[in-house]
2 protein chains.
Amino acid sequence: MKVDKISELTTNRLSIYLRCLNELAAEGAKSVSSDGLANRFHLNSAQIRKDLAYFGEFGVRGVGYDIADLREHITKILGLDKEHRVGIIGAGRLGAALADYYGFQRTNFKVAALFDADKDKIGQHFGEIEVFDIKDFSEVTKKANIDVAVIAVPAEYAQGVLELITDAGIKAIMNFAPTPLRVSGDVKLKTVDLTISLESLSYYLALPSNVNGAGLKPNSTNRRKK
Amino acid sequence: MKVDKISELTTNRLSIYLRCLNELAAEGAKSVSSDGLANRFHLNSAQIRKDLAYFGEFGVRGVGYDIADLREHITKILGLDKEHRVGIIGAGRLGAALADYYGFQRTNFKVAALFDADKDKIGQHFGEIEVFDIKDFSEVTKKANIDVAVIAVPAEYAQGVLELITDAGIKAIMNFAPTPLRVSGDVKLKTVDLTISLESLSYYLALPSNVNGAGLKPNSTNRRKK
DNA sequence: CGGGGAAAGTGAAAATGTTCACAGAATACA
DNA sequence: TGTATTCTGTGAACATTTTCACTTTCCCCG
């Protein structure tokens with residue numbers, strides 16, 4: 001009901017709810033209760049209701065949510081009813097994999113162009129998608145109506161590329177370079193940092209020996225710095 | 001100091017601190033204070049101190065942290081001093097890009113094998129890395145000492161692949177399929193869901209029109225379900 | 001060798017996020 | 001039409017995370 005400042009945790013969950021609803025719809029279900037959703041997909045029913053209630057009263061008491069109806073609402077809330085056009089900077093393996101990534105289409109994102117500085121790559125095509133000179137970024141962006149940029153370059157170039165992107169007026173950026181970038185004000189930056197995820201796994205694997213002792217005394221170790 | 005149950009948010013930040021320290025070390029700095037780190041990398045100094053304090057007293061009051069020393073501690077805490085061996089399931093574009101991903105090496109992860117069900121792909125090589133038949137997963141895993149699995153298959157196969165992985169005794173899994181998977185007990189699963197990130201960007205781009213009204217009245221819309 | 005200053009470590013407070021539990025709206029059915 | 005039932009929407013309780021602000025420790029320098 002209050003659309004003051006919605007937490008990103010909430011909007012992330014909306015994505016999940018949408019997927020769940022798609023699955024139910026595919027099975028032919030017409031309506032579902034928050035409890036039904038929660039049990040089926042291991043979610044919390046109170047949280048579902050609360051998340052949805054931020055945006056309106058989509059349910060019917062005593063009955064639940066109409067699936068088609070709710071799908072439509074969430075789609076609209078997430079802005080998935082309008083196509084977004086994506087430019088990927090970096091035509092290496094990652095950029096190529098992303099250009100090919102089915103998740104983009106599925107979510108109404110259309111990869112419109114790749115960009116690179118490497119003369120050998122410029123002009124090449126990945127499927128339908130052409131690789132342009134990064135120097136022409138601003139120009140191509142305008143022509144192709146690109147509104148989302150993806151950074152898929154090595155970490156050391158990321159900050160420079162970021163500035164190029166914001167200078168071109170792009171407001172939504174996804175970053176795959178494992179480096180924290182700073183953006184100003186009204187630009188939304190999402191960093192997907194595989195390194196952090198990997199190191200989180202590593203921490204978990206290392207746990208038994210870390211928990212207490214075994215080569216890592218918490219106290220009375222290094223007093224003076226060398 | 002208390003290593004009872006460390007939040008994943010904390011360990012994720014350790015990864016970040018480590019990168020920051022690497023950068024400082026590369027510049028030749030010898031020591032740094034929590035304030036220094038915080039200002040340089042836009043972090044919060046109290047949080048840095050608290051995060052580190054969970055694991056020991058690594059700093060010196062009045063002085064700060066010795067960079068080499070702290071790097072070593074965090075490396076050990078995250079288990080990055082020991083090599084991990086990775087098996088990637090799915091030798092499509094994503095799998096290939098990951099096999100090639102520099103971040104793995106950088107973090108002391110070694111991609112040891114790819115797996116696929118496609119006869120055409122089995123036996124192929126990506127650089128050094130061979131593609132094995134998914135049927136031989138358990139066997140190859142043991143021989144190659146693989147302790148981390150990466151799921152890079154389409155969503156509909158993910159759950160099946162997951163079971164294969166856990167049956168083989170792997171305890172740390174990274175999932176790129178855009179579907180929520182359930183694991184039992186002592187297995188650590190990290191899902192990297194690009195779709196959610198994309199939709200979060202989309203939400204941001206849609207915001208101005210969502211915030212109030214403009215085609216989305218929060219109230220008094222659909223009472224009866226159709 | 002003792003006082004001043006700087007920065008770590010840490011309880012307590014504030015902010016944020018999740019879960020509970022219940023009032024009330026809507027349906028279904030006698 | 002009345003009553004039982006169901007399930008939403010939502011304050012309040014609870015839990016977690018972040019930030020503040022203070023105490024303690026240690027170094028530096030005279």
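Just so it is clear: chains get the letters A, B, ... in the order the sequence lines come, proteins before strands, and each one is counted from 1.
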Worksheet, complete the sentence: With both pairing distances under 3.5 angstrom for Watson-Crick or G-U wobble, and | for a partner in another strand, the correct string for DNA chain D is ||||||||||||||||||||||||||||||
I'd like a list of close polar pairs between nucleotides 15-18 of chain C and the protein, N/O only, cut-off under 3.5 Å.
residue, atom, partner, partner atom, Å
dT18(C), OP1, Arg13(A), NH1, 3.2
dT18(C), OP2, Arg13(A), NH1, 3.3
dT18(C), OP2, Arg13(A), NH2, 3.1
dT18(C), OP2, Gln47(A), NE2, 3.3
dT18(C), O5', Gln47(A), NE2, 3.4

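- The separation between Asp35(B) atom CG and dA8(C) atom P is 7 Å, rounded to whole Å.
- Considering only the side chain of Val63(A), dT27(C) comes nearest among dG9(C), dC7(D), dT27(C).
- Residue-environment remark: NZ (Lys110(B)) stays at or below the threshold of 12 foreign heavy atoms within 6.0 Å.
- At least one side-chain nitrogen or oxygen of Ser34(A) sits closer than 4.0 Å to the OP1 or OP2 atom of dT8(D).
- When rounded to the nearest whole Å, the span between CZ of Arg49(B) and P of dA6(C) equals 15 Å.
- Rounding to whole angstrom units, CG of residue Leu52(A) and C1' of dC7(D) are separated by 13 Å.
- Taking atom CG on Leu43(B) and atom P on dA8(C), their separation rounds to 13 Å, with Å as the unit.
- For Arg61(B), the listed nucleotide lying nearest its side chain is dT25(D); candidates were dT25(D), dC27(D), dC7(D).
- Contact of the Arg19(B) side chain with the Asp193(A) side chain is registered, since non-hydrogen atoms from C-beta on lie closer than 4.5 Å.
- The aromatic rings of Phe104(B) and Phe109(B) sit tilted, their planes meeting at an angle between 30° and 60°.
- Atom-to-atom, CD of Glu57(A) to P of dG9(D) comes out at 6 Å; the value is rounded to the nearest Å.
- If you measure from atom CZ of Phe58(A) to atom P of dG9(D), you get 9 Å, rounded to the nearest angstrom.
- Donor-acceptor pairing under 3.5 Å is recorded for the side chains of Glu8(B) and Ser200(A).
- Taking atom CG of Leu37(A) as the reference point, atom P of dC7(D) lies 12 Å away to the nearest angstrom.
- Closest to the Ala46(B) side chain, of the nucleotides dG24(C), dA21(D), dC26(D), is dA21(D).
- In Glu72(A), the CD atom is not crowded: 12 or fewer heavy atoms of neighbouring residues, nucleotides or ligands sit closer than 6.0 Å.
- The phosphate of dT6(D) has neither OP1 nor OP2 within less than 4.0 Å of any side-chain N or O from Tyr65(A).
- In this structure the side chain of Leu52(B) reaches within 4.5 angstrom of the side chain of Ile48(B), judged on heavy atoms.
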Item to complete: Using the side chain to side chain donor-acceptor pair (under 3.5 Å) rule, take Asp51(B) and Thr10(B) through it: C-alpha gap first, then chi angles, then the decisive distance, then the call.
Response: CA-CA 6 Å; Asp51(B) 285 339; Thr10(B) 293; 3.3 Å; yes
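- When the C1' atom of dC27(D) is taken as reference, atom CG of Asp66(B) falls 15 Å away, rounded to whole Å.
- Sparse packing is recorded around OH of Tyr157(A), with 12 or fewer heavy atoms of other residues, nucleotides or ligands lying under 6.0 Å away.
- With a 4.5 Å cut-off on side-chain heavy atoms, Tyr204(B) and Leu189(A) do not count as touching.
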